[in-house]
Amino acid sequence: MTVPTATAPETLLAAPDQASQRQITGEIESLHAELARRERAGEDLPATVHDFPPYRSSILRHPTKSPKLVDPETIELLSPAFGQRDVAAVESDLTIQHAGEPLGERITVQGRLTDSWGRPVANQLIEIWQANSAGRYIHQRDQHPAPLDPNFTGAGRAITNEAGEYAFTTIKPGPYPWKNHLNAWRPAHIHFSVFGSSFTQRLVTQMYFPGDPLFALDPIFNTIWRQKDRQSLIGVYDHELTAPEWATGYRFDIVVDGPDATWFENESE
Amino acid sequence: MAVPPRTLRATPGQTVGPFFAYGVGYDRMHQVAHPHAPGTVLLGGTVYDGVGAPVPDAFVEIFGADADGVVPRRRGSFRRDDHTFTGFGRAFTNDDGHFEFFTRDPGARPGRAAFFAAIVYARGLPDRLHTRIYLPDDAAALAADPLLRDLAADDRATLVAERMPDGSLRHDIRLQGEKETVFLVF
Ligand SMILES: [Fe+2]
């Protein structure tokens, strides 16, 4: 067998077929309808589907075999340990990492990390990364011709407190184009990487902003095929979190799931 | 004791996208153990897609017990001090789809098979994938392992690393297609 040689990663970012938005939206709608039919017929489906062709780069990267259900062992029921001192306070404020202040709408994003029984997940790490207010990532492979902001990197970290709470101060990210199809734009979002109390609870997701007109058009958002699950990724504007003359506030609570064994593991700690 | 019903709906996962490197990268993240310390092993491999092309925008995380089989509970995974073993590491694939860790061979309870818990993330992968990377050395323990003994030989092989003559471990991850890695849900 000949092994294909590696291509420059940025050349992989554009889907070869460059379908129209109408075509992509149609594919999303028919997949959602098909998944709903399968669920009604009794199939147990995950919240995020791996096999989702409108997200073109998933076509060759999603597994085709059913995942194997397995009893977690000790290593999988525990998680790397963190403490408050592992992250400096400055790391949760993305607006003070440079000499000057970044441009854009200053916001706070706050929430609570819990397990699916509502128990707080304390002392765990949350990492975030995002585009700047113009929709540009600092990543070298982001070729979107929008300005970089010399005062904004767009990466932050926080450790949850005893109540599972976290808070970030940042700038509202802009939507950005990508090359999944013609005129493809991602709704504005912040990437979240979250550690639970158990390695089985590890979560990487994206938080969105209320009322974004791009929701229905975006194949990545719609890999989550149920409306109620997509809704849970949309931060909630909370005027109580808005600080006068300073920043608007959004709430984004995160629930990490795990097998039944994680219930016992955390009760015994 | 019975497990009470869940009261909250889990937050669904999403892809890491293409631009995760500056968000989740950190210094010496793949050095779970110091490269020159006694007992350190190199664990390396390549992530492949469905046509056998390397995946250059993926990352892999491992969490493993120490050599005595005890799961580390020490902090320091994100601030390496070169002597505290936390068991956790993260490695990005390079332009050839290759990832590598410096770590220790995890131990196991007597008679049990030793493995690293592993998670794969990539652009184009809508959600994370859990898997395991077993050490190949104890054939009897592998044969008795509750997960492996349930699998066909071809599938079992996708979860067991290869021990190279220099003592390092090689383990490729195939997201799709021929020799597709077995991924896990719990
Ligand atoms: Fe993004």
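Proteins come first, then strands; the chains are lettered A, B, ... in the order of their sequence lines, and each starts at number 1. What you see is a predicted model; the values in this text were computed from it and never measured.
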Sorted by chain and residue number, the side-chain hydrogen bond (donor to acceptor under 3.5 Å, both in side chains) partners of Asp145(B) (sequence neighbours excluded) come out as Tyr134(B)
If I measure from the heavy atoms of chain B, does [X] come under 4.5 Å with its side chain, its backbone, both, or neither?
X	result
His191(A)	side chain
Ser193(A)	side chain
Gln206(A)	both
Leu69(A)	both
Val87(A)	backbone
Asp253(A)	backbone
Asp71(A)	backbone
Arg85(A)	both
Leu125(A)	side chain
Glu73(A)	both
Tyr55(A)	side chain

Measuring from atom [atom1] of [X] to atom [atom2] of [Y], what distance do you get when rounded to the nearest 0.5 angstrom?
X	Y	atom1	atom2	result
Leu60(A)	Gln176(B)	CG	CD	5.5 Å
Lys68(A)	Arg132(B)	NZ	CZ	11.0 Å
His50(A)	Leu175(B)	NE2	CG	9.5 Å

By a 4.5 Å heavy-atom criterion (distance strictly below it), what part of [X] contacts chain A: side chain, backbone, both, or neither?
X	value
Arg74(B)	backbone
Val55(B)	both
Arg174(B)	neither
Tyr121(B)	side chain
Pro106(B)	neither
Phe20(B)	both
Ala108(B)	neither

Would you sort out whether Leu8(B) and Thr114(A) count as a side chain to side chain contact (heavy atoms under 4.5 Å, CB included), showing the intermediate values? CA-CA 9 Å; Leu8(B) 297 173; Thr114(A) 62; 3.4 Å; yes
For each of Thr86(B), Thr131(B), Asp155(B), Leu129(B), tally heavy-atom pairs with chain A at distances under 4.5 Å, and name the one with the top tally.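 Among Thr86(B), Thr131(B), Asp155(B), Leu129(B), the one with the most close pairs to chain A is Leu129(B).
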Is [X] salt-bridged to [Y], cutoff N-O under 4.0 Å?
X	Y	answer
Asp257(A)	Arg6(B)	yes
Asp229(A)	Arg9(B)	yes
Asp95(B)	Arg141(A)	yes

Check the orientation of Phe78(B) and Phe195(A). Use parallel for under 30°, tilted for 30 to 60°, and perpendicular for over 60°.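 It falls in the perpendicular class, over 60°.
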For the pair Phe19(B) and Tyr137(A), name the ring-plane relationship: parallel under 30°, tilted 30 to 60°, perpendicular over 60°.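 It falls in the tilted class, 30° to 60°.
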Non-hydrogen atoms of [X] and [Y] that approach each other most closely:
X	Y	value
Thr205(A)	Pro12(B)	OG1-O, 2.8 Å
Arg61(A)	Ala122(B)	NH1-CB, 4.5 Å
Ala65(B)	Ile75(A)	N-CD1, 3.5 Å
Gly13(B)	Thr48(A)	O-OG1, 2.8 Å
Trp129(A)	Val16(B)	CZ2-O, 3.5 Å

Any side-chain heavy atom of Thr223(A) sitting closer than 4.5 Å to one from Thr15(B)? no
For Phe168(A), which residues count as a ring pair (Phe, Tyr, Trp, His ring centres under 6.0 Å) partner, sequence neighbours excluded?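 Scan of Phe168(A) (ring pair (Phe, Tyr, Trp, His ring centres under 6.0 Å), adjacent residues dropped) gives Tyr166(A).
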Distance alone, cut at 3.5 Å: any donor-acceptor contact between the side chains of Gln14(B) and Tyr208(A)? yes
Establish, yes or no, whether a centroid distance under 6.0 Å links the rings of Phe88(B) and Phe82(A).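 Between Phe88(B) and Phe82(A), the centre distance exceeds or equals 6.0 Å.
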